[in-house]
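Values below: all heavy atoms of this structure, side chains included; hydrogens, waters and symmetry mates excluded. The first residue of the sequence shown is numbered 1, and numbering continues consecutively from there.
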Amino acid sequence: MHLSEITHPNQLHGLSIAQLEQIGHQIREKHLQTVAATGGHLGPGLGVVELTLALYQTLDLDRDKVVWDVGHQAYPHKLLTGRYHDFHTLRQKDGIAGYLKRTENRFDHFGAGHASTSISAALGMALARDAQGEDYRCVAVIGDGSLTGGMALEAINHAGHLPKTRLLVVLNDNDMSISPNVGALSRYLNKIRVSEPMQLLTDGLTQGMQQIPFVGGAITQGFEPVKEGMKRLSYSKIGAVFEELGFTYMGPVDGHNLEELIATFREAHKHVGPVLVHVATTKGKGYPYAEEDQVGYHAQNPFDLATGKAKPASKPKPPSYSKVFGQTLTTLAKSDRRIVGITAAMATGTGLDILQKALPKQYIDVGIAEQHAVVLAAGMACDGMRPVVAIYSTFLQRAFDQVIHDVCIQKLPVFFCLDRAGIVGADGPTHQGMYDIAYLRLIPNMVLMAPKDEAELQRMLVTGIEHDGPIAMRFPRGNGVGVPLPEEGWESLPIGKAEQLRQGDDLLLLAYGSMVYPAMQTAELLNEHGISATVINARFAKPLDEELIVPLARQIGKVVTFEEGCLPGGFGSAIMESLQAHDVQVPVMTIGVPDLLVEHASPDESKQELGLTPRQMADRILEKFGSRQRIGAASA
């Protein structure tokens, strides 16, 4: 059977180990070819090919439910559930999603793009099954990286108190999340792998046996089962922890040995109550470049499959906002020991890996634990430090209560730096940074700012570190606009002060962050139609520069706002609230993302669909406010 013929995972039933291995080879081949062409998550899926095949051979997917944590590792699942022929559209507009999506396929039992949700969801399904008197299996597949998230531990704690609830948790243990795992739990899982006594017992004895003349090699081969037995005995300490929490523990199992995996899963399915199967895998398995660089190949832009190298850009690009952020913060931290960068398992993505390499004592990775990251920062701020919490916009949502309760109520100087704010592209709705303006603007004591370019980001970094209270800066994914970047000597910005970039009498264009340059381009297009516009770089969404904005709005009489975020509660809403408070009754047009989910596509495709290109925005403004003659007639 060829992978292309599989439209239902139950077709794996009855296949031999050799047949499954052949399908596994085809999965890796298709996986690599597709991600090399489209970009996407590479290492996680390559590591769970055998795990997926073995699990699905032992389940009836017409009835049983499988929840994959995050979805990074679910590409083999997609290839086994009828999406082989469309897989080339992975992460493309209107194509296969990069994460699980309930509306895409009936075997995607639970959608997720954030980590640590799988055990809670699978347990919920198991309790629903029991309440309705049904009988099917519920499985959560979770990586050891996701196990650093508090929600996963909360779910384990709950499940362990339900001895009659059938639940299977498969722990995919590859010692990685995106960056190498951190924390006591990860260290405990890894302790036996690298412990000196274990190395002495296995490697030392092996070397000793090899020295025996004539028979050393044969004895060494016979010693392999003994080594495996020692490892299993040592791993029983890990199992004891889960057993104490109420789980039946099985493992560790070689995650690339189909025969062993199938036997273990079949045994696990026989148990009543929660079971944890511990599977040891290699992230990036089968592709040497991914095995050797598990951080770099967690996810990739399109690359050359033969060399493993990224495809060169057609022309040089400006540095990314993340890189400018990391380099600038590192320079500032070298002269200010109070500064500490905090990440939640995203050192490379946020640019904090630059700080980590240069000043490791001023860098903290808390694992996939955003809530802890925020309260940790609050505690450090209490005692004189200047914590900079670098988290993607979409992930800070997970710590909303902590931002309010632990930082803003206490008015602590914690600086939130929100990477990937706005439209992020192929990762889809779970990762779009749509809501941070709205969900942070409503909190008392919070200051919000966004740079128009990478040079202004440098100044805002100084501003945020100097500010004596909660403050947040959002910036977009991808490259800057290409402005000159001073290497030092950055000046802070006065809080709540905007800048005027262009003067005109017909329209007032108020733009925030990444929409400032598009607003300037829109103004140029309007000028071709005889409409002159004043353009303001707001810089701050809270507090607004009302001294500048309110008189201009009253004078010009027509206002357009621009933001790369949700319109409900966003920057445009802030402007309208301000004008109403000052009794300025003028028409206001808000341009941004309406009340809908932005699906996966390239950022340019999404902006085109949302009407956010300069030409589209100019057309929309012309349609609302008309020609210059009508504007003049209305004001005459």
task = Say whether, by atom type as modelled, one donor and one acceptor occur between the side chain of E370 and the main chain of L396 under 3.5 angstrom.
result = no
message = Checking H431 against Y99 for the ring-ring contact (aromatic ring centres under 6.0 Å, His included) test, could you report, in this order, the C-alpha distance in whole Å, the side-chain angles of both residues, the deciding distance, and whether it holds?
response = CA-CA 10 Å; H431 280 58; Y99 295 89; 4.8 Å; yes
inquiry  = Show the nearest heavy-atom pair for residues Q57 and L15, with the distance to one decimal.
reply    = NE2-O, 2.8 Å
query = So, for H13 and Y56, is the gap between ring centers shorter than 6.0 Å?
reply = no
request  = Check the side chains of S606 and E609 for a donor-acceptor pair under 3.5 angstrom, ignoring hydrogens and angles.
outcome  = no
ask   = With distance as the sole criterion, is a donor-acceptor pair present between the side chains of D419 and T350 under 3.5 Å?
value = no
inquiry  = Under a plain distance cut-off of 3.5 Å, with no hydrogens placed, do S320 and N479 share a side-chain donor-acceptor pair?
reply    = no
note = Closest heavy-atom pair, T117 versus R398, reported as atoms and distance to 0.1 Å, is CG2-NH2, 3.8 Å
Check: Y392/R420 side-chain N/O donor and acceptor closer than 3.5 Å = yes
ask   = Where is the tightest heavy-atom contact between H88 and T38, given as atom of each residue plus distance?
value = O-CG2, 3.5 Å
task = Please find out if less than 6.0 Å separates the ring center of F475 from that of F325.
result = yes
message = Does D436 form a salt bridge (charged side-chain N to carboxylate O under 4.0 Å, His left out) with R474? I'd like the steps, not just the answer.
response = CA-CA 8 Å; D436 57 89; R474 75 178 332 238; 2.7 Å; yes
Whether F303 and Y287 hold their rings parallel, tilted or perpendicular, with breakpoints at 30° and 60° = tilted
task = For residues A155 and L123, report the shortest heavy-atom separation together with the two atoms involved.
result = O-CD2, 4.2 Å
query = CZ/F87 to CD1/I27 distance, rounded to the nearest 0.5 angstrom?
reply = 9.5 Å
Donor-acceptor under 3.5 Å (Q11 side chain, T7 main chain) = yes
Ring-ring centroid check H114 F395, cutoff 6.0 Å = yes
query = So, the side chain of D69 versus the backbone of A115: is there a donor-acceptor pair under 3.5 Å, distance only?
reply = no
request  = Ignoring hydrogens and angles, state whether a donor on the side chain of R266 or T264 is under 3.5 Å from an acceptor on the partner side chain.
outcome  = no
query = Taking the side chain from S146 and the backbone from I142, do they hold a donor-acceptor pair closer than 3.5 Å?
reply = no
task = Assign the ring pair Y249 / F242 to parallel, tilted or perpendicular, where the plane angle (0 to 90°) is split at 30° and 60°.
result = parallel
ask   = Checking T148 side chain against I368 main chain: does a donor-acceptor pair fall under 3.5 Å?
value = yes
task = May I ask you to check whether T58 and H269 show a side-chain donor-acceptor distance below 3.5 Å?
result = yes
inquiry  = Pairing donors with acceptors under 3.5 angstrom, does anything connect the side chains of D60 and N10?
reply    = yes
Atom CZ of R106: over 12 foreign heavy atoms under 6.0 Å = yes
key: Atom pair CH2 (W68) and CD (Q73), whose distance is rounded to the nearest 0.5 Å   = 6.0 Å
query = Distance-only, no hydrogens or angles: does the D365 side chain make a donor-acceptor pair with backbone N or O of G367 under 3.5 Å?
reply = yes
request  = Decide whether H600 and D94 meet the rule of one side-chain donor and one side-chain acceptor closer than 3.5 Å.
outcome  = no
request  = Please identify each residue that fulfils salt bridge (charged side-chain N to carboxylate O under 4.0 Å, His left out) with K323, with sequence neighbours left out.
outcome  = none
query = Counting only N and O atoms by type, is there a donor-acceptor contact under 3.5 Å from the side chain of K101 to the main-chain atoms of I96?
reply = no
ask   = Would you say the side-chain atoms of T613 and Q616 include a donor-acceptor pair closer than 3.5 Å?
value = yes
task = Might you point out which heavy atoms bring T590 and R620 nearest each other, and give the distance in Å?
result = O-NH2, 4.4 Å
ask   = Under the side chain to side chain contact (heavy atoms under 4.5 Å, CB included) test, which residues partner A54, sequence neighbours left out?
value = L258, L261, I262, F265
